[in-house]
Amino acid sequence: MTTPSPPNPTGPFSLARLAVMRSLAVASPHPGAAFAARRRRLHPSAADSADWWLCRDSISQRCWRCEKTRDRSFGSSLRVSHLPGTLHRDVSKNLLTPTAAVSVEEAEATADLPKGDMWSVHKFGGTCMGTSQRIQNVADIVLRDLSERKLVVVSAMSKVTDMMYNLVNKAQSRDDSYITALDEVFEKHMEAAKDLLAGEDLARFLSQLHADISNLKAMLRAIYIAGHATESFSDFVVGHGELWSAQMLSYAIKKSGTPCSWMDTREVLVVNPSGSNQVDPDYLESEKRLEQWFVRHPAETIIATGFIASTPDNIPTTLKRDGSDFSAAIIGSLVKARQVTIWTDVDGVFSADPRKVSEAVILSTLSYQEAWEMSYFGANVLHPRTIIPVMKYNIPIVIRNIFNTSAPGTMICQQPANENGDLDACVKAFATIDKLALVNVEGTGMAGVPGTASAIFGTVKDVGANVIMISQASSEHSICFAVPEKEVASVSAALHARFREALAAGRLSKVEVIHNCSILAAVGLRMASTPGVSATLFDALAKANINVRAISQGCSEYNITVVLKQEDCVRALRAAHSRFFLSKTTLAVGIVGPGLIGRTLLNQLKDQAAVLKENLNIDLRVMGITGSRTMVLSDIGIDLTQWKGKLQTEAETADLDKFVHHLSENHFFPNRVLVDCTADTSVASHYYDWLKKGIHVITPNKKANSGPLDRYLKLRTLQRASYTHYFYEATVGAGLPIISTLRGLLETGDKILRIEGIFSGTLSYIFNNFEGARTFSDVVAEAKEAGYTEPDPRDDLSGTDVARKVIILARESGLRLELSDIPVRSLVPEALRSCASADEYMQKLPSFDQDWASERNDAEAAGEVLRYVGVVDVINKKGQVELRRYKRDHPFAQLSGSDNIIAFTTSRYKEQPLIVRGPGAGAEVTAGGVFSDILRLASYLGAPS
């Protein structure tokens with residue numbers, strides 16, 4: 001549908017008139033003056049074709065005669081005369097109706113602007129006003145507010161401001177499609193009005209809409225001819241969106257029977273341009289004009305246009321982007337309102353961007369300063385200037401969700417009462433800014449030279465760049481600052497030109513640009529009075545393997561700002577957020593090897609996940625499971641109640657590189673761990689690369705720590721030099737604390753003399769049961785049947801597994817030994833080592849029972865038992881694995897089942913060795929040992945321990 005052409009009694013739009021319009025579009029400093037009379041009153045009915053044309057032609061001021069009581073275009077009381085008679089604005093209907101003229105002086109004697117807590121100010125943005133249904137919803141919210149007086153500030157309907165700017169851009173680009181675009185604007189508002197209003201209210205609004213569109217069409221035509229629009233003309237055009245939404249809302253409230261007036265805030269708000277895309281309110285003049293406006297319209301419910309205002313010369317202007325919030329804050333301060341409520345589409349202010357941190361929480365309160373800091377650093381809270389007007393009178397701002405009115409929202413006010421003084425309370429939120437570059441100016445000639453910083457930032461100012469953050473070394477040797485990436489090229493060029501001589505002479509060593517940076521800011525009013533905040537923040541970043549490029553903190557300590565790589569920003573945000581207990585400690589877990597141990601571990605994780613979340617704030621997300629042939633991946637975490645089915649139905653071909661990339665590139669989870677539940681040498685060879693990528697590694701796989709010595713040393717050196725953790729408790733004692741006990745002794749200064757133990761649960765079971773008349777082959781068969789041995793028992797009986805555990809403990813104790821340095825007595829007879837299968841071995845094993853019986857009988861005759869042990873002799877720097885005899889009163893002789901036992905002889909425990917004993921074999925205890933390492937990692941990363 002297209003807009004109807006207005007009645008035209010005077011003939012076609014003449015070239016002379018176009019020339020007048022063109023001159024106004026290009027040269028007029030005051031387009032508002034041309035439309036002042038029309039803006040102070042609604043137009044007469046569109047049915048009066050002659051009057052409508054004259055109204056449209058008001059740009060030349062030929063037929064309307066305006067007598068100003070004061071010399072201003074907006075905000076003054078007018079007696080507007082039409083040739084047949086005199087009209088003024090009807091207070092209840094905002095219509096031009098015949099009446100006797102009333103002077104300002106007479107009106108002021110009967111009405112004053114009340115101020116104080118009786119006023120409640122609401123602001124509804126474009127999303128809230130997006131459709132007729134939403135406008136009605138806004139009206140219902142306003143009507144439910146039981147405040148004595150209500151002042152409601154509204155934005156244009158959703159997308160309309162952009163549509164209006166697009167009109168101007170098309171017209172000045174001489175793009176004919178501005179006409180079609182204007183038709184779309186008309187249709188959007190006409191359809192909304194038809195859904196929302198009826199009868200006389202609808203006719204009045206559509207009459208005004210027709211008149212406004214006609215005037216806009218004439219203006220845009222003039223801009224089209226001129227090929228240029230002044231800023232004031234552009235602001236005047238764009239401001240119509242707010243005018244129409246305010247009128248529709250006022251009609252929607254009136255139809256319920258509630259008296260209501262709507263305010264064109266260009267008649268009230270006066271602002272002064274203060275720089276690029278900024279304005280400063282003139283509070284005194286605005287208050288005076290608001291009082292005069294209220295004299296003429298003393299309603300208890302007022303609908304005001306957001307975003308638009310006037311200059312002191314009465315030229316239409318805007319409060320720039322986010323101006324509607326600013327309008328509400330200014331008006332709230334003028335009437336000294338009880339509170340200003342900003343209605344939006346979120347439940348309040350989040351502790352971090354919920355698109356980046358899924359566990360972000362709604363903050364119940366924020367101080368003005370905290371909200372200010374968060375806004376500056378890019379958080380979608382409020383524009384910083386919105387807070388300024390209300391701070392003076394301590395007027396709280398409440399952020400609420402129009403689509404969830406049951407949510408209390410976030411209150412921004414003076415410093416809230418201190419609920420507690422811990423770290424959780426002192427850091428309120430985190431915010432980030434992306435697409436930045438860091439400029440570093442460095443040189444020994446800078447130190448102690450006055451004016452260097454002034455010269456640097458003066459140069460930056462000259463190119464119009466925005467400095468986001470500054471950091472300077474106390475030695476004055478360097479200054480670095482962050483600017484938007486799009487501005488850094490011009491900044492760099494200007495600095496090189498300005499300091500060409502200093503660079504050539506060596507006084508400055510370099511002007512360096514570091515691209516692709518982001519800023520992470522921690523915000524909190526109480527950080528200044530809480531020790532340890534900075535340490536906690538940097539510890540969290542370090543443990544997430546995040547490198548910090550620059551740091552800035554003001555003496556007020558409202559925020560701590562760090563610059564880091566943009567690719568690390570989300571991970572850093574989540575790590576910091578999690579560390580301050582604003583969300584759970586989340587671990588992204590990748591399981592390699594869903595065999596017996598891996599399968600058992602997954603079941604343990606499933607059973608314990610809810611308890612960990614509830615009691616310890618630990619959220620374990622299994623992001624992938626891979627076997628040797630297939631794997632399954634997830635971006636948010638695999639449902640562990642269905643992992644087996646997913647591994648069959650949703651699996652893809654196993655690719656370890658892709659699996660690791662999936663885990664490492666998931667920036668939504670800063671803490672990532674790979675759990676290797678295999679016994680595979682090739683998988684273990686990847687540990688070093690995984691640790692370098694910042695991925696923690698946990699494993700019961702002995703191959704890495706018992707492999708080539710140089711590879712082991714390289715792995716441990718990397719692990720010690722970084723905040724990436726490598727845990728392998730289950731490699732030696734399954735679920736027993738062998739490694740941690742050894743480390744505890746060494747770290748507390750004890751000296752290890754000897755470690756001796758039964759390290760194999762399988763061999764422990766065999767020799768604990770090899771007694772009396774039982775044959776060796778029967779006991780081995782029983783152990784195999786019970787699942788204690790590997791599928792081929794020779795893997796256990798060869799002693800290689802025990803040798804690997806001995807070499808691990810030897811290396812942990814400081815010995816530099818290779819696996820080949822450990823003599824091992826194999827329990828597999830030489831003749832049976834070449835058997836083709838386990839079955840063949842088991843069939844031939846009974847032929848050696850007599851030899852084993854003889855060795856056992858000799859031991860029993862001496863009051864001893866046989867035990868298969870590993871020994872680390874630290875004093876003599878050697879290790880061995882052998883079958884030994886122990887007296888029946890020795891701790892090693894008193895084992896049962898598959899228990900392991902390890903004795904530590906040290907300088908402190910020389911007379912009575914420190915003994916660790918317990919089950920050392922089985923999938924449950926081994927998986928439990930791995931699970932314990934996972935929880936230890938979570939504790940290191942900030943979870944309660």
- Item | Those residues that, when tested against D175, pass salt bridge (Lys or Arg N to Asp or Glu O under 4.0 Å) (two or more places apart) | K170
- Compare every heavy atom of N272 with every heavy atom of P312, then report the nearest pair and how far apart it is. CG-OD1, 2.9 Å
- Task: For K255 and L196, indicate whether the former's side chain and the latter's backbone hold a donor-acceptor pair under 3.5 Å.
- Result: yes
- Message: Between S286 and L269 (side chain of the first, backbone of the second, donor and acceptor by atom type, cut-off under 3.5 Å), is there such a pair?
- Response: no
- Query: Between the main-chain N or O of V390 and the side-chain N or O of S333, is there a donor-acceptor pair closer than 3.5 Å?
  - Reply: no
- Without swapping roles, check the side chain of S261 against the backbone of H297 for a donor-acceptor pair under 3.5 Å. no
- With sequence neighbours excluded, what pairs up with A352 under the side-chain contact (heavy atoms from CB on, under 4.5 Å) test? V357, A360, L573, H577
- Message: Tell me the closest heavy-atom pair linking A156 and M129, and the distance in Å.
- Response: O-CB, 4.4 Å
- Hey, mind stepping through K123 and E242 against salt bridge (Lys or Arg N to Asp or Glu O under 4.0 Å) and telling me if it holds? CA-CA 12 Å; K123 179 267 175 175; E242 278 70 21; over 6 Å; no
- Query: For the atom pair OG (S324) and CD1 (I342), what is the distance rounded to the nearest 0.5 Å?
  - Reply: 9.0 Å
- Sidechain-backbone polar pair: T386 side chain, L382 backbone, donor-acceptor under 3.5 Å: no
- Note, W262 side chain near I302 side chain (heavy atom, < 4.5 Å): no
- What's the verdict on side-chain contact (heavy atoms from CB on, under 4.5 Å) for R134 and V138, showing C-alpha distance, side-chain angles and the deciding distance? CA-CA 6 Å; R134 291 182 181 179; V138 168; 5.6 Å; no
- Task: Dump the intermediate steps for side-chain contact (heavy atoms from CB on, under 4.5 Å) on V335 and L290, then the final yes or no.
- Result: CA-CA 9 Å; V335 298; L290 178 59; 3.8 Å; yes
- Message: Return the OG to CG distance between S256 and D140, rounded to the nearest 0.5 Å.
- Response: 8.5 Å
- Backbone N/O of L243 and side chain of Q247: donor-acceptor pair under 3.5 Å: yes
- Between V349 and T410, the two heavy atoms sitting closest are N-OG1, 2.8 Å
- Query: Under the side-chain contact (heavy atoms from CB on, under 4.5 Å) test, which residues partner T341, sequence neighbours left out?
  - Reply: H122, Q339, W343, V398, R400
- Query: Taking the side chain as C-beta and beyond, is there a heavy-atom pair between V121 and K150 under 4.5 Å?
  - Reply: no
- Heavy-atom nearest pair, L216 first then W244, reads CD1-CH2, 3.7 Å
- Message: Measuring from atom NZ of K254 to atom CG of L197, what distance do you get when rounded to the nearest 0.5 angstrom?
- Response: 10.5 Å
- Item | Heavy-atom pair with the smallest gap, counting every atom of N466 and P484 | O-CD, 3.1 Å
- With F124, which of I303, V153, V142 fulfils side-chain contact (heavy atoms from CB on, under 4.5 Å)? V142
- Would V271 and L319 satisfy side-chain contact (heavy atoms from CB on, under 4.5 Å), going step by step from the backbone distance to the final call? CA-CA 8 Å; V271 296; L319 301 181; 3.6 Å; yes
- Query: Do we see a donor-acceptor contact under 3.5 Å between the side chains of K356 and T432?
  - Reply: yes
- Item | Expected output: side-chain S245 to main-chain S155 donor-acceptor under 3.5 Å | yes
- Item | Beyond-backbone contact of I399 with I397, side-chain heavy atoms, under 4.5 angstrom | yes
- Can you name the residues that form a side-chain contact (heavy atoms from CB on, under 4.5 Å) with V346, not counting sequence neighbours? T344, F350
- Task: Evaluate the side-chain proximity of F326 to P389: yes if any heavy-atom separation is below 4.5 Å, no if none is.
- Result: yes
- Item | Audit row: S147, R338, side-chain hydrogen bond (donor to acceptor under 3.5 Å, both in side chains) steps and yes/no | CA-CA 9 Å; S147 301; R338 182 181 73 257; 3.0 Å; yes
- Query: Nearest 0.5 Å, what's the CD1-CH2 distance between I387 and W372?
  - Reply: 7.0 Å
- Would you mind checking if E267 and R296 are paired as a salt bridge, meaning a charged N to carboxylate O distance below 4.0 Å? yes
- Message: What I want to check is whether the side chains of S158 and T127 have a donor and an acceptor closer together than 3.5 Å.
- Response: no
- Given the rule in the ring-ring contact (aromatic ring centres under 6.0 Å, His included) test, do F186 and H210 qualify, once you have shown the distances and angles that lead to the verdict? CA-CA 8 Å; F186 171 79; H210 275 284; 5.1 Å; yes
- Message: Assess the residue pair K188 and E184 against the criterion (salt bridge (Lys or Arg N to Asp or Glu O under 4.0 Å)); give the C-alpha distance rounded to whole Å, side-chain angles, the decisive distance to 0.1 Å, and a yes or no.
- Response: CA-CA 6 Å; K188 181 180 181 76; E184 292 172 359; over 6 Å; no
- Item | By salt bridge (Lys or Arg N to Asp or Glu O under 4.0 Å) - contacts of D282 (at least two apart) | none
- Task: Assess whether atom NZ of K159 is packed by more than 12 heavy atoms of other residues, nucleotides or ligands within 6.0 Å.
- Result: no
- Residues R289, E285; criterion side-chain contact (heavy atoms from CB on, under 4.5 Å); working and verdict: CA-CA 6 Å; R289 294 193 183 191; E285 181 62 23; 3.0 Å; yes
- Hey, does I308 have a side-chain heavy atom less than 4.5 Å from the side chain of T317? no
- Message: With a 4.5 Å cut-off on side-chain heavy atoms, are M411 and L366 touching?
- Response: no
- For the residue pair I223 and H228, establish whether any side-chain heavy-atom pair is separated by less than 4.5 Å. no
- Item | NZ on K336 to CE on M118, rounded to 0.5 Å | 11.5 Å
- For N404 and D347, test the side chains for any donor-to-acceptor distance below 3.5 angstrom and give the result as yes or no. yes
- CD of E485 to NZ of K435: how many Å apart, nearest 0.5 Å? 10.0 Å
- Distance-only polar pair, side chains of N166 and Y178, donor-acceptor under 3.5 Å: no
- Short question: side chain of R174, backbone of Y224 - any donor-acceptor pair under 3.5 Å? yes
- Item | Non-hydrogen atoms of W119 and P114 that approach each other most closely | NE1-O, 2.7 Å
- Donor-acceptor pair, T305 side chain versus T265 backbone, under 3.5 Å? yes
- M164: which of D235, N169, L182, V238 passes side-chain contact (heavy atoms from CB on, under 4.5 Å): V238
- Note on the structure: By side-chain contact (heavy atoms from CB on, under 4.5 Å), Q133 pairs with (sequence neighbours left out) T131
